[in-house]
Every structure is written in structure tokens, then in C-alpha cells.
Amino acid sequence: MSRPATPSTRPRTRPRTVLAMSGETRDAILRPTALERLARVADIQPALLVTDFGADDPAQRAALRDAEALFTGWGCPPLDASALSAMPRLRTVVHAAGSVKHHITQDVWDRGITVSTAATANALPVAEYTVAAILFANKNVLESARVYRESRSRVNLLTAFPSIGNYRRTVGIVGASRIGRRVAELLRPFDLRLLAHDPYLDEESAQALGVERSDLDTLARQSDVVTIHAPELPQTRHLFDAGRLALMRDGATLVNTARGSLVDTDALVKELVTGRLNAVVDHTEPEVLPADSPLYDLPNVLLTPHIAGSQGGELHRLADAAVDELERYAHGLPFAHAVDPRTLHQQA
């Protein structure tokens with residue numbers, strides 16, 4: 001995460017800035033202290049919120065006409081040519097959330113507008129959730145809790161769970177994304193073997209992360225836990241299909257905090273119903289499963305409603321990170337977390 005900027009030799013400015021996000025997002029991420037700091041960094045009307053760039057509102061049109069910066073969040077409309085035509089002075093977009101693919105279009109890059117994202121800040125809670133899931137999976141927490149709940153008596157752990165634990169287990173990380181890299185970093189203190197698969201991960205970067213590069217099938221075969229952090233792209237759809245799931249060793253756990261489309265849900269259900277595999281699933285396809293889906297009730301599945309990303313108080317980290325970036329811009333400093341359009345296609 002970036003830290004607040006330090007003054008440069010350039011005079012500090014307060015760029016005219018407009019909020020563009022849903023009302024729900026603004027209320028969730030911009031607590032009063034963040035708004036106060038934002039007002040010190042930028043010339044902004046906190047009460048003016050843009051949810052539709054084409055709205056027939058004289059105050060909004062005037063604000064957009066003079067805007068040098070947009071402070072965006074979830075619910076920001078697409079910044080296409082029509083929207084940008086109302087913002088002739090726009091120079092930068094600071095996004096207080098993760099992916100910018102929902103609102104940053106090619107027209108933004110064609111105008112030479114710079115873009116920053118709080119994706120690095122948003123990656124931290126996902127990585128934390130993932131690490132907790134990995135450590136719990138190797139301790140066989142779901143099954144041992146079930147046995148204890150049903151027996152309501154002392155459990156002989158040596159006979160019931162002779163091979164549980166995290167010592168020298170193998171964890172396969174699919175995708176050396178922001179989140180995947182953070183997971184690897186957080187797992188360094190543990191006695192684990194880390195495999196990683198990513199077509200863009202070179203040997204030098206792998207060594208720096210403390211992971212072994214692996215092809216995907218080998219990773220699936222050798223890992224006790226497989227955790228998915230690849231982006232949602234046409235070529236990653238059903239990355240874990242029936243064939244690849246079948247490669248996973250008996251008793252292994254699949255953790256998916258990425259997009260549901262990366263796993264073939266039907267194939268996963270078939271494996272999980274047999275009890276051969278375990279799963280920790282925070283994102284599914286469809287995003288909300290049908291009420292009769294077995295995943296709600298299977299004892300070897302922990303199913304959560306997309307909570308791994310920033311939630312509750314964690315949302316304030318996103319606002320702080322975005323204000324840090326806007327402060328850097330105001331001082332004439334480069335963004336700490338600029339979006340590079342040349343590599344955007346590789347990201348979530």
C-alpha cells in the first residue's frame with residue numbers, strides 16, 4: 001500500500017475533483033475522516049456525486065467541465081467517449097477499489113489520462129482469507145469439527161487424523177497476481193512447499209517470491225491445497241475442469257477466491273459429492289448458487305458469500321489508499337499504483 005506523499009519542489013495544487021461511484025459505495029468507503037482528508041488534498045464538492053455522466057444536472061455538468069481528477073469507486077459509469085466529452089480538463093482517475101475494467105475504456109487511454117487503483121489494498125484481505133483457508137484446510141478443521149460435533153466426546157486425533165498439519169505440505173498457487181504474490185509472501189514463515197503457475201512468472205521472480213514454478217497439471221497433482229488467483233479471461237474459463245480436478249490427490253482442498261468462472265461448477269460438485277476433495281469457495285458461477293445446490297450443505301465444503309475482498313472496516317483502507325494516490329498527484333509525484341494499459345489484459 002502507498003504512503004501519503006511528501007512535498008516535491010513543485011508547488012502543491014488542489015486538483016478539482018469529482019466523486020463518481022454509487023451512493024452505497026460512497027457511504028461505505030468514505031467515512032468523515034477520509035472525506036476531510038480528501039477535501040484537504042483536492043478541491044471537491046463532497047455532496048456532489050456522479051452516478052450517470054449523462055444526467056441533465058447543471059451543477060454536475062459544471063463540475064465535470066472543470067474536473068481535473070475523478071475519484072471513482074464501485075458503481076462508476078463507463079468512461080467512454082461520450083462521458084469524456086463532458087470533461088475536457090480531465091487528467092487523471094483515482095479508483096478507490098480494485099479492477100478498473102468496468103469503467104476505464106480505451107477512450108481513456110487514447111486521451112492520455114492516467115489511472116490509479118487501490119487494487120493492492122484490496123488484495124490484502126483476500127490474501128488473508130486465503131492464508132487462513134490454507135492453514136485450516138491442512139489441519140482438516142471442517143472434518144475434525146464435524147467428528148467432534150457428532151461424537152460429543154474425546155476424539156483420538158492420532159488415529160482419526162494421523163496425517164493432518166501444515167508441516168511440509170505443498171500449496172499450489174495458481175496465478176502470480178497481486179493476491180497470489182501476497183499469499184506467497186504471507187506463507188513464507190510456514191514450513192510449506194509453494195508451487196506457482198503463471199505464464200508470466202519468470203524464474204527470477206519465482207525465486208524472489210520463494211515459490212517453485214510449475215506447470216498447471218503438475219501443480220494439481222502434487223498440491224495438498226490449490227488456491228486460485230488467476231484473472232477472469234477467455235483462456236482461463238474453466239481452468240479447473242473435470243479433467244484437472246481429477247488430477248488432484250485424494251483429500252486435497254481447492255480454494256477459490258477468484259472468479260467463479262475459473263472452475264467448472266458442475267464438475268466441482270461431482271467431485272465434492274463423492275467426498276474425495278474438499279473446497280473453500282468464496283466465488284461461484286453463477287455468483288449466487290441455486291437454492292438446491294449441494295455446495296450449501298456438503299460437510300467438506302466451506303461456502304462463503306464473496307466476503308474475501310474488502311468488507312466493513314477494510315473498505316476504509318481502499319479510501320485511504322486512493323487519497324494517498326491523489327495526494328501524490330497533487331504534489332506532482334508519480335502514482336505508486338498506476339494502471340499500465342499494456343498489462344491490463346493480464347489482470348483481473
Side-chain angles (χ1 to χ4, degrees), residues 1-8 12-15 17-22 24-44 46 49-50 67-76 79 90-104 108 113-131 177-183 185-186 229 231 257 306-341 343-344 347-348:
M1 226 173 79
S2 63
R3 298 266 46 90
T6 53
S8 69
R12 177 169 176 167
T13 63
R14 290 177 65 241
T17 304
V18 172
L19 294 176
M21 60 187 73
S22 72
E24 183 180 44
T25 298
R26 178 191 58 185
D27 295 342
I29 71 171
L30 286 171
R31 54 184 170 176
T33 53
L35 279 172
E36 290 171 8
R37 184 171 166 228
L38 183 57
R40 291 195 299 271
V41 170
D43 180 359
I44 192 168
L49 180 68
V50 175
E68 182 179 349
L70 283 181
F71 193 95
T72 65
W74 293 301
C76 177
L79 281 160
L90 186 66
R91 297 291 177 268
T92 195
V93 178
V94 175
H95 190 50
S99 175
V100 300
K101 289 184 177 180
H102 302 293
H103 67 299
I104 299 299
V108 172
I113 295 167
T114 59
V115 180
S116 170
T117 174
T120 298
N122 194 46
L124 181 55
V126 183
E128 292 170 343
Y129 173 109
T130 301
V131 168
S177 58
R178 289 183 183 90
I179 298 168
R181 288 169 182 267
R182 187 61 174 153
V183 167
E185 291 168 359
L186 291 174
H229 305 289
T257 57
H306 203 180
I307 65 166
S310 296
Q311 302 292 336
E314 295 165 338
L315 295 170
H316 303 149
R317 183 191 284 123
L318 303 184
D320 290 342
V323 176
D324 286 351
E325 289 289 76
L326 191 57
E327 188 171 12
R328 293 182 68 86
Y329 176 84
H331 281 300
L333 298 172
F335 285 137
H337 302 289
V339 177
D340 186 345
T343 60
L344 187 57
Q347 302 168 18

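Scope of the values below: all heavy atoms of this structure, side chains included, with no hydrogens, waters or symmetry mates.
For T92 (side chain) and T114 (main-chain N/O), a donor-acceptor pair under 3.5 Å exists by modelled atom type. Although no hydrogens or angles enter the test, the distance criterion places no donor-acceptor pair under 3.5 Å between the side chain of T257 and the main chain of V126. Under a 3.5 Å cut-off, the side chain of N122 and the backbone N or O of S310 do form a donor-acceptor pair. When atom types are taken as modelled, the side chain of T17 and the backbone of A67 share no donor-acceptor pair closer than 3.5 angstrom.
When the side chain to side chain contact (heavy atoms under 4.5 Å, CB included) test is applied to D43, the partners found at least two apart in sequence or on another chain are R14, R16. Scored by the side chain to side chain contact (heavy atoms under 4.5 Å, CB included) test, I113 finds L84, L90, V93, V108, R111 as partners (sequence neighbours excluded). Qualifying side chain to side chain contact (heavy atoms under 4.5 Å, CB included) partners for A28, counting only residues two or more places apart in sequence or in other chains: L315. A search for salt bridge (charged side-chain N to carboxylate O under 4.0 Å, His left out) contacts involving E185 returns R182, not counting sequence neighbours. Residues passing the side chain to side chain contact (heavy atoms under 4.5 Å, CB included) test with T33, sequence neighbours excluded: R31. Not counting sequence neighbours, H102 has no partner by the ring-ring contact (aromatic ring centres under 6.0 Å, His included) test.
Ring pair H103/H95 is tilted by interplanar angle, where 30° to 60° counts as tilted.
In this structure, the separation between SG on C76 and CD1 on I104 is 7.0 Å, given to the nearest 0.5 Å.
Across every non-hydrogen atom of P15 and A330, the tightest pair is CD-CB, 3.9 Å.
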Between M21 and L49, does the side chain to side chain contact (heavy atoms under 4.5 Å, CB included) criterion hold? Intermediate values first, please.
CA-CA 7 Å; M21 60 187 73; L49 180 68; 3.7 Å; yes
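Side-chain contact, S116 with H337: no donor N or O sits under 3.5 Å from an acceptor N or O.
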